[in-house]
Trainee: 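One structure, as C-alpha cells, below. Some questions next.
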Amino acid sequence: MAKNLTTREEDYSKWYNELVVKADLAENSGVRGCMVIKPYGFGIWERMQAELDKKFKETGHSNAYFPLFVPKSMFEAEEKNAEGFAKECAVVTHYRLKNDDENAGKLIVDPNAKLEEELIVRPTSEAIIWSTYKGWVQSYRDLPLLINQWANVVRWEMRTRLFLRTAEFLWQEGHTAHTTKKEAIEESERMMNVYADFVQDFMAIPVVKGLKTESERFAGAEETYCIEALMQDGKALQAGTSHFLGQNFAKAFDVKFATKEGKQEYVWGTSWGVSTRLMGALVMTHSDDKGLVLPPNLAPDQVVIVPIYRNDEQFDAVSEAANELMAALRAKGVRVKFDNRDTHKPGWKFNEYELKGVPVRIAIGPKDLENGTFEVARRDTLTKEVLSKDVIVDHVVGLMDEIQNNLFAKAIDHRTTHTTEVESYDEFKELLEAKGGFFSAHWDGTIETEEKIKKETKATIRCIPFDGDNTPGTCMVTGNPSKRRVLFAKAY
RNA sequence: CGGGGUGUAGCGUAGCCCGGUUAUCGCGCCACGUUUGGGACGUGGAGGCCGCAGGUUCGAAUCCUGCCACCCCGACCA
C-alpha cells in the first residue's frame, strides 16, 4: 500500500479513484466497466440497505424479486422508456456455447442456439414488473400495490468510474400502483422525502429536494422528483430519484382495475430508486486527503481500540483494559473493534484506520493503565484528547452523535458557501468556472434556453427546488419572464 | 463510440526511441533477531508467460499488427 494519497487539490478525480481502492471499498474487475465491491465497501452498503429497507417497510412496502432478463417485445412496450434506454442495453442473443473445432480448448457461441427473441438485461425493471402487475390487479381492493426490489441492473456506459458510473450496479427500485393520480403523486413525494431523510440523517449529506425539468426527466415518467447533493469539488450529484409515472405503464401493459362503481380504469404508477452511487456521494462529501471519513451511522466499525505495549505482560494488561472498555461500549450499542494484531505497529494502525475512515480511535498503553486514562482520536477533526476511565464510555457514546452532526454541519456549510445567486449570464459563466457549486438563477422555462446553457457551459438544471425562491424575475439568458429561480450546476 | 495515453513481481517504477549477458530500483511479502505512544531496523530469502495473441528477426520487454483492460478529453448517462 502506498503511503500517501493524491491530494484533492492536486487532482480531485485521481484522489477519488485512489481513495476508493486504497480504503478497500471496491476495485476494478476483469470485466469492462464492472466493479468488485470489497467486504469493507459492501459493509457500508449493507448498512445503507438495512436502514432504507426499514424505512420502506415502515411506509408499507414489501420486497419481491423480478427477473434479470426482459424479452425485447416486453421491453419496448412502453415506447418512451424503451427509447430512453435503448442505447445502453446489453442483449442476450444465444443460450449455448460449444467447443471450437479449430481451436482446441476454446469455446465459441453456438450459431444453432440463437434465441427466437432476444433478452434485454434489465437497465431498470418497469417493463417486467408492470407486465406482472397486470395479473395482480383486478379491483380497487388490490390497490395500492407497494413493491420494492433490491437488484442489480446493467447500463452499458461508455465511461465508467467506481461507484459513480459502472456498467452493472446495485440498487433498489420501488414500483407502486394506485387508484388515483393524487395518491400516486403523494407516493412519489413521500419516497423522495424518505430518500432525503435517509441521505441527510444517516449519511450526513445535505440534499436539495426538487423537480426535474422535462429534458432531465426519467423516460416514461410524467414527473421526476429528485434529491441533489453537492460534492467537495463543486459538482452536483443526483443522489436519488422518484418518478410519478402517470398511467403510461398501466396503458402500455394494460393494467386496469374495477372501481367501486364497477368501471374499468388504468392504475397510476410510481417508481423510485437509489443505487451504489450513494457510495460515491459518501466519499466525495466527507473524505479528506488522509482518506475516508465515515459518519458513525454508516461505519462498519465506529470505534477501534489500538493497544500499545512493549512485552507480553503489558499486552495482557492493556488487553484486559481494552476488552473491558469494548464490552462497556458494546453494551451501549457502539460497534467496537479491538485490533490486537501483533503483526503491525501502532503507528501503522493509526494510518490504516484514518485511511478507512473509522470515526473514533482509542489507544491504550502502559501510561494509560498507570493514569487510568485513554487516548481518544476523532477522525472528523483529527484531534486527540486524553480522557479518564470514569468518563470514557459516556464520552465516546456522545461522540457518535457529535461526529455525525459535525459532518452534516460541515457539509451544509460547504454547500451554503458554494451556492450562489446570480442575475446575469456573464456572472453565471464566470463564477461557474471560478468557483463552481450550485447556482440559483432565473430561467424562462424553455428547453431551448436550457440546451443553450448546457452547450455553452456544461452546466445543467439540477432541479426546480421545492423550498427555493419562488419570486418571479427575468431569465438570465433571454430576459424573458421567469416564474422562479432554478438550481444549476455541473453534474456527475 | 471518436481522440490521446498507459499496461514490466501484490503495489509503484527503470529499461523501450537506438533489439543482444542473469530485466532495474523502492515498498510490500517470507524467516530469524532486535523493536512497539504516528507508517521500525538489521541480516537472509522468495516472487516475473515484460497485458494477451500473432508477426518481423539468428535474437523481441524493446519493432509491426490485432485484441483486452485501465486512465484522461469529447458525445451519452443515475
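To find a chain, count down the sequence lines: A is the first, B the second, and so on, and within it residues start at 1.
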Trainee: Taking atom P in both B:G4 and B:A40, what distance in whole Å separates the two?
Mentor: 45 Å

Trainee: Indicate yes or no: does A:E433 engage A:K490 in a salt bridge with an N to O separation below 4.0 Å.
Mentor: yes

Trainee: Ion pair present between A:R8 and A:D233, side-chain N to carboxylate O less than 4.0 angstrom?
Mentor: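 The answer is no: the pair does not qualify as a salt bridge.
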
Trainee: I'd like the C1' distance from B:U22 over to B:G15, given in whole Å.
Mentor: 15 Å

Trainee: Counting side-chain heavy atoms from CB outward, which of B:G37, B:G39, B:U36 is closest to A:Y309?
Mentor: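 The listed nucleotide nearest to A:Y309's side chain is B:U36.
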
Trainee: Is there a side-chain polar atom (N or O) of A:S13 under 4.0 Å from OP1 or OP2 of B:C72?
Mentor: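 Looking at the OP1 and OP2 atoms of B:C72, one of them is under 4.0 Å from a side-chain N or O of A:S13.
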
Trainee: If we take the C1' atom in both B:C11 and B:C70, what is their distance in whole Å?
Mentor: 15 Å

Trainee: Mind calculating the distance between CG (A:L19) and C1' (B:C11) to the nearest angstrom?
Mentor: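 Rounded to the whole Å, the gap is 17 Å.
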
Trainee: So, are A:D288 and A:R379 salt-bridged, with charged N and O less than 4.0 Å apart?
Mentor: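 A:R379 and A:D288: salt-bridged.
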
Trainee: In this structure, how many angstroms lie between the P atom of B:G4 and the CZ atom of A:R159, rounded?
Mentor: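 Result: 16 Å.
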
Trainee: Between B:A61 and B:A46, how far is it from one P atom to the other, in whole Å?
Mentor: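 B:A61 and B:A46 have their P atoms separated by 23 Å.
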
Trainee: As a quick check of understanding, evaluate side chain to side chain contact (heavy atoms under 4.5 Å, CB included) for A:E228 and A:K212, giving each step before the final call.
Mentor: CA-CA 10 Å; A:E228 291 284 328; A:K212 284 292 185 190; 2.7 Å; yes

Trainee: Just name whichever nucleotide pairs with B:G42, Watson-Crick or G-U, keeping both distances under 3.5 Å, else none.
Mentor: B:C32

Trainee: Applying a 4.0 Å non-hydrogen cut-off, can you work out what A:S275 is touching in the nucleic acid: base, sugar-phosphate, or nothing?
Mentor: base

Trainee: Quickly work out the A:E216 CD to B:A78 P distance and round it to whole Å.
Mentor: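 The distance from CD of A:E216 to P of B:A78 comes to 8 Å, rounded to the nearest Å.
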
Trainee: Separation of A:K345 atom NZ from B:G39 atom P, in whole Å?
Mentor: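 Taking atom P of B:G39 as the reference, NZ of A:K345 is at 7 Å.
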
Trainee: Under 4.0 Å between any heavy atoms, over every strand shown, what does A:K384 touch: base, sugar-phosphate, or nothing? Just pick one.
Mentor: base

Trainee: What's the closest nucleotide to the A:W348 side chain, out of B:G39, B:G38, B:G74?
Mentor: B:G39

Trainee: CH2 of A:W15 versus C1' of B:C71: gap in Å, rounded?
Mentor: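 Result: 18 Å.
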
Trainee: Could you give the NZ-to-P distance, from A:K22 to B:C27, as a whole number of Å?
Mentor: 16 Å

Trainee: At less than 4.0 Å, is any side-chain N or O atom of A:R155 found next to OP1 or OP2 of B:C77? Yes or no.
Mentor: no

Trainee: With rounding to whole Å, what would you report as the distance between B:G44 and B:C50 at their P atoms?
Mentor: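 Nearest-Å result for B:G44 against B:C50 at atom P: 29 Å.
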
Trainee: Pick base, sugar-phosphate or nothing for A:P307, based on heavy-atom distances below 4.0 Å to the nucleic acid.
Mentor: nothing

Trainee: How is A:E157 classified with respect to the nucleic acid when contacts are heavy atoms under 4.0 Å: base, sugar-phosphate, or nothing?
Mentor: base

Trainee: Could you state the atom-to-atom distance from CZ of A:R165 to C1' of B:G74 in whole Å?
Mentor: 13 Å

Trainee: Heavy atoms only, 4.0 Å cut-off, all strands: where does A:R361 land among base, sugar-phosphate and nothing?
Mentor: base

Trainee: Distance between the P atoms of B:C73 and B:U56, in whole angstroms?
Mentor: 40 Å

Trainee: Evaluate the criterion side chain to side chain contact (heavy atoms under 4.5 Å, CB included) for residue pair A:R122 and A:N152; output intermediate values, then yes/no.
Mentor: CA-CA 8 Å; A:R122 63 179 168 215; A:N152 60 337; 2.8 Å; yes

Trainee: Check the phosphate of B:C1 against A:K87, side-chain N and O only, distance under 4.0 Å to OP1 or OP2. Yes or no?
Mentor: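 No.
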
Trainee: Remember a base hit wins even if backbone is also touched, and classify A:G280 as base, sugar-phosphate or nothing at under 4.0 Å, heavy atoms.
Mentor: nothing

Trainee: Taking atom P in both B:C52 and B:C68, what distance in whole Å separates the two?
Mentor: 15 Å

Trainee: Report which part of the nucleic acid A:Q314 touches: base, sugar-phosphate, or nothing (heavy-atom distance under 4.0 Å, all strands).
Mentor: nothing

Trainee: Determine the contact category for A:F169: base if any of its heavy atoms lies under 4.0 Å from a base atom, sugar-phosphate if only primed atoms, P, OP1 or OP2 are that close, otherwise nothing.
Mentor: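 Base, at least one base heavy atom under 4.0 Å.
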
Trainee: So, is A:R32 close to the B:C68 phosphate, meaning a side-chain N or O under 4.0 Å from OP1 or OP2?
Mentor: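 Looking at the OP1 and OP2 atoms of B:C68, neither is under 4.0 Å from any side-chain N or O of A:R32.
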
Trainee: Any strand counts, and the cut-off is 3.5 Å on both contacts for Watson-Crick or G-U wobble. Which nucleotide pairs with B:C67?
Mentor: B:G51

Trainee: What integer number of Å spans the P atoms of B:C63 and B:G26?
Mentor: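 These two P atoms come out 27 Å apart once rounded.
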
Trainee: By nearest atom, which of the nucleotides B:C77, B:A75, B:A78 is closest to the A:E88 side chain?
Mentor: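 Between B:C77, B:A75, B:A78, the one nearest the side chain of A:E88 would be B:C77.
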
Trainee: Tell me if the centroids of the rings in A:W45 and A:F163 come within less than 6.0 Å of each other.
Mentor: no

Trainee: Could you tell me whether A:L164 contacts a base, only the sugar-phosphate backbone, or nothing, with contacts defined as non-hydrogen atoms closer than 4.0 Å?
Mentor: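 Contact class for A:L164: base.
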
Trainee: Could you work out which one of B:G38, B:A78, B:C70 sits closest to the side chain of A:N28?
Mentor: B:C70

Trainee: For B:C1, which nucleotide in any strand shown is its Watson-Crick or wobble partner with both distances under 3.5 Å?
Mentor: B:G74

Trainee: Suppose we define a pair by two distances each less than 3.5 Å, Watson-Crick or G-U wobble; what does B:U13 pair with here?
Mentor: none

Trainee: Classify A:T166 by what it touches in the nucleic acid, base, sugar-phosphate, or nothing, heavy-atom distance under 4.0 Å.
Mentor: base

Trainee: Can you check the A:K454 NZ to B:C76 P distance for me, whole Å?
Mentor: 6 Å

Trainee: Regarding A:K356 and the six-membered ring of A:Y40, is the cationic atom NZ or CZ under 6.0 Å from the ring centre and inside 45° of its axis?
Mentor: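 That pair qualifies as a cation-pi contact.
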
Trainee: Would you mind pulling out the nucleotide paired to B:A61, Watson-Crick or G-U wobble, both distances under 3.5 Å?
Mentor: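 Paired with no nucleotide.
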
Trainee: Taking OP1 and OP2 of B:U35, is either one under 4.0 Å from a side-chain nitrogen or oxygen of A:N311?
Mentor: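 The answer is no; no side-chain N or O of A:N311 sits under 4.0 Å from OP1 or OP2.
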
Trainee: So that I can tick it off, tell me whether A:E451 and A:K455 are bridged by a salt bridge, with the cut-off set at under 4.0 angstrom between side-chain N and carboxylate O.
Mentor: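 Answer for the salt bridge query: no.
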
